[in-house]
Amino acid sequence: MNLKKTAGGDVESTDIAWKIQEGSVFNPAWSRSFFTFAFLLGIFGAALAPAQTVSVWLTTDDQSQKMQPQASVTFATTGSGGTNPVIVDETQTYQQIEGFGASFTDTAGYILNEVATPSSRANAMTNLFTRIGGGIGLSFVRNPMGASDLARYMYSYDDLATGQTDTNLTGFSIAHDQADIIPLVKQALQLNPQLKVMANPWSPPGWMKATNSMVGLIGGPLLTNFSRPFANYFVKYIQAYQAAGITINYISLQNEPLYSTPDYPGLYMDATTQLNLLRNYVLPALAANNLTNTRVLVYDHNWDRPDYPATIFSDATVLASAQVAGTAWHGYGGTPGAMLASASQYPTKGNYLTEHSGGTWVGDQVRADFEEITHCMRCWAKSYVKWNLAANQNYGPNTGGCNTCSPLVYVNTSTLAISYGIEFYTLGHFSKFVLPGAYRIFSGNASGVVSAAFLNPDGSKALVAFNDTTSSQIFQVQWGSQSFSYTLASYAGATFTWTGTQSGGYTVNPTNQIQTSSFNSVLGLQTEPTSDSWGGYDVGYANTGSYAVYQNVNFAAGFTNVNARIASAGTGGTLEFRLDSPTGALISVVTLPVTGGWQTWQTMSGSVSNATGLHNLYIIFKGGNAVGNLNWFQFSGALAPAAPTGLKVTLMGVGLQMQFSGTPNYPYILAAATNLAPPVHWQPILTNPANASGIWSFTVTNAPNVSACFYRATGQ
């Protein structure tokens, strides 16, 4: 609507606008002599901020391009983010990122330090631990304390003959690591001083176990009378590495404690045992030796057993300990959404993805990595650590364990040539551009496109976006009042980086298909990869009362219908759509039936009423336990807003006092123009917040500093 009223004129159509000239204000009902325009901000005279240039790096699913620079794009100031937006809002921050990396296994140390040539090793280390040229800037490594499933032979730091024990650890030695691993870690620290180092055993020395073997199935559990030597084993390791010039930032008590390994080092350790060892032995031993800067991560196993860290954090002493940093997770079972639930339940404890290897069993490593690393970042992970850093062309050498786990770097033992696996590049899309100390910031997922966005300590932004579908996708990146459009081929991923400060906020257009995983916050929910059309992540693991929150949804003058994409193999129930709180105004109820499978999707509809203006939308699951999953929702049947009427303009000492009437809660826009000659350029000067009364009254202090100006109130 374009409502216009000027000097000597009549109201045309349903427009309202007032023309104000220096010396008088034209209004048939009132007038006031002489007014000089001198406002705080003259928006027509202000220089436009330069458009932000965005750098782009691309990896394609066919691997023809691997983290390759692309032509830059430029943000443009637009009124909206388009029909398929990826919204980025740097004013909403989540977890702080510590780093990305892999492990200096015995295999990796030997291959890089003894097999690779000195020049090849130097190049590989530069590419791994710096951001120079094609370097990916790894900043988090996880080192086995002794042999793992990628080691040339069995070893610990205190090996003894059968029947012997060493409770005082007088034979403890890190001589094995001094040959290859310690020189490489020290070089990595020189290349990247921000590098964090984590360490944990696959097995303690065999003499601490029931049958004197480091192999999980053979060795049996830790003998309780060796709990104190077990704790001091960590003390000795941390002190020895400190003496070598390496700080151990994190430890966990046991790698994959719920797996009894068949042919490589392992130790089964249930949650109750780990709690006892941590609270009563390890934490006191660290404190007694002034090693409080080394923090502990509990669990260190798959997402499918969140009850394990929950058992440990049920202890008040452990939960309150600042030395217990959080939970270490692996990616071989369950969904990253477990970290989302953990972050909500234990907000003072971090979540760290400390191992997930690629390998020959992965059908599409590009897709797997982009989907999962993005998902982990959206679920509060502070790190993402691959498994092996380096191996030969046959994924070894190793005795037992994994002979199909792919490393970041390959060294050919025949030619001594170095090559880089695809995981070097997929991980590099994050590690190269997301700096230690960055914060994840809000980013939405578009239809077919998943994303994770970050604010670096230097103020620069990084956005990783991945097309999770079988066809190319066009999407729009919306950052405040600016946006750009981009197209990604099927299963292609890109990193976008830019600088500058965000101008303005954002609103969500509910007529677009809104991915449920684009929430701002959740309670009692997890995300998981979905097999539904458009890929991405659905939201589920819902019990009655679980909810997701979507901020700044612009319902305009209202809608008549909402569609929701749902699936359930549980109890089923309903979805409640409410405004501004879990108990706020109810605008719709959608039935969530049992569909026969957690990934058996149906589209259900519900009628909508009493939703106008700008609100935070709450979607609440109602039913029993295991209600169902939600993938996306979309509003339709837009209602027309009432034309704004009765615009009154009063000259005040600090500006213009304006008032008009319209649809309650509808976000009208006040705009100004210097003339009405075509083409008319209306410049917004105020977007009003929702007003339940339907009457707006406000003062404008940023009117144009010109001799004559027209004003109008319009709908968005």
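As the structure is a prediction and not an experimental result, all values here were calculated from the model.
Side-chain contact, D89 with Q502: a donor N or O sits under 3.5 Å from an acceptor N or O. At a cut-off of 3.5 Å, with distance as the only test, no side-chain donor of T130 or T126 sits close to an acceptor on the other residue. Side-chain contact check for N631 and T516: no donor-acceptor pair (N or O, by modelled atom type) lies under 3.5 Å. Side-chain atoms of D580 and N616 include no donor-acceptor pair closer than 3.5 Å. Side-chain polar atoms of Q52 and T74 form no donor-acceptor pair below 3.5 angstrom. For the 3.5 Å distance criterion, the side chains of W601 and Q599 qualify, holding a donor opposite an acceptor. Residues Q63 and T59 bring no donor and acceptor atom of their side chains to less than 3.5 Å of each other. Checking H330 against N302 by side-chain atom types alone, no donor-acceptor pair falls below 3.5 Å. Under 3.5 Å, the side chains of Y439 and E90 contain no donor-acceptor pair of N or O atoms. Using a 3.5 Å distance cut-off with no hydrogens or angles, the side chains of Q526 and Y537 do not pair a donor with an acceptor. A donor atom on one side chain and an acceptor atom on the other are found under 3.5 Å apart for N445 and S517. Remark: the E372 side chain and the Y384 side chain contain an N/O donor-acceptor pair separated by less than 3.5 Å. Donor-acceptor pairing under 3.5 Å is recorded for the side chains of N563 and N561. Inspection of the Q70 and Q65 side chains reveals an N or O donor paired with an N or O acceptor under 3.5 Å.
Around the CG atom of L58, the shell of radius 6.0 Å holds more than 12 heavy atoms that belong to other residues, nucleotides or ligands. The 12-atom threshold is not exceeded at CH2 of W534, counting heavy atoms of other residues, nucleotides or ligands nearer than 6.0 Å.
At least one donor-acceptor pair closer than 3.5 Å links the side chain of K461 to the backbone N or O of G500. At least one donor-acceptor pair closer than 3.5 Å links the side chain of T335 to the backbone N or O of G337. Side chain of S103 to backbone of T105: no donor-acceptor contact under 3.5 angstrom is found. The main-chain N or O of N351 is never found under 3.5 Å from a side-chain atom of K382 such that the two would form a donor-acceptor pair. Side-chain atoms of H356 come within 3.5 Å of backbone atoms of G331 as a donor-acceptor pair (strictly under, hydrogens ignored). Between the side chain of T374 and the backbone N or O of E371 there is no donor-acceptor pair closer than 3.5 Å. At least one donor-acceptor pair under 3.5 Å links the side chain of T595 to the backbone N or O of T600. In this structure a side-chain-to-backbone donor-acceptor pair under 3.5 Å is missing from S481 to G504. No donor-acceptor pair closer than 3.5 Å links the side chain of N509 to the backbone N or O of N554.
Using a 4.5 Å heavy-atom threshold, the side chains of S447 and F475 count as separate.
Ring to ring, F555 and F635 are close: their centroids are under 6.0 angstrom apart. Side-chain rings of F484 and F496 approach one another, their centers coming within less than 6.0 Å. Taking the six-membered ring for Trp and the full ring otherwise, the centers of W57 and F433 sit less than 6.0 Å from each other. In summary, the aromatic rings of Y352 and Y250 are positioned with their centroids under 6.0 Å apart.
Of the inter-residue distances, the one linking F466 atom CZ with D61 atom CG reads 6.5 Å to the nearest 0.5 angstrom.
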ring-ring contact (aromatic ring centres under 6.0 Å, His included) between F370 and Y491, intermediate numbers included: CA-CA 9 Å; F370 273 108; Y491 300 129; over 10 Å; no
Derivation of the side chain to side chain donor-acceptor pair (under 3.5 Å) call for S490 and T470: CA-CA 5 Å; S490 170; T470 57; 5.6 Å; no
Residues Y550, F577; criterion ring-ring contact (aromatic ring centres under 6.0 Å, His included); working and verdict: CA-CA 11 Å; Y550 305 86; F577 290 73; 9.0 Å; no
Evaluation steps, side chain to side chain donor-acceptor pair (under 3.5 Å), between Y506 and Q92: CA-CA 12 Å; Y506 72 93; Q92 298 182 59; 3.1 Å; yes
Side chain to side chain donor-acceptor pair (under 3.5 Å) assessment of N467 paired with S472: CA-CA 7 Å; N467 175 4; S472 64; over 6 Å; no
Stepwise side chain to side chain donor-acceptor pair (under 3.5 Å) check, D468 with Q473: CA-CA 9 Å; D468 202 21; Q473 296 295 330; over 6 Å; no
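Of the two cysteines examined, C402 and C405, the SG atoms meet the criterion of being under 2.5 Å apart.
Here the closest non-hydrogen pair linking E98 and P436 is O-CB, 3.9 Å. A pairwise comparison of heavy atoms in A390 and L112 identifies CB-CG, 3.7 Å as the closest pair. Residues V449 and V86 approach most closely at CG1-CG2, 4.2 Å, considering heavy atoms. Between G540 and L525, the shortest heavy-atom distance links the atoms O-CD2, 3.4 Å. G535 and T530 make their closest contact through O-CG2, 3.2 Å (heavy atoms, listed as atom of the first residue, atom of the second, distance). Between I87 and T507 the shortest heavy-atom distance is CD1-O, 4.2 Å.
Relative to the ring axis of Y618, R578 does not place its NZ or CZ within 45° and under 6.0 Å from the centre.
The aromatic rings of Y420 and Y425 sit perpendicular, their planes meeting at an angle over 60°, well past the 30° parallel limit.
Here D62 pairs with nothing under the salt bridge (Lys or Arg N to Asp or Glu O under 4.0 Å) rule; sequence neighbours left out.
The existence of a salt bridge linking R565 and D538 is excluded, since no basic side-chain nitrogen approaches an acidic carboxylate oxygen closer than 4.0 Å.
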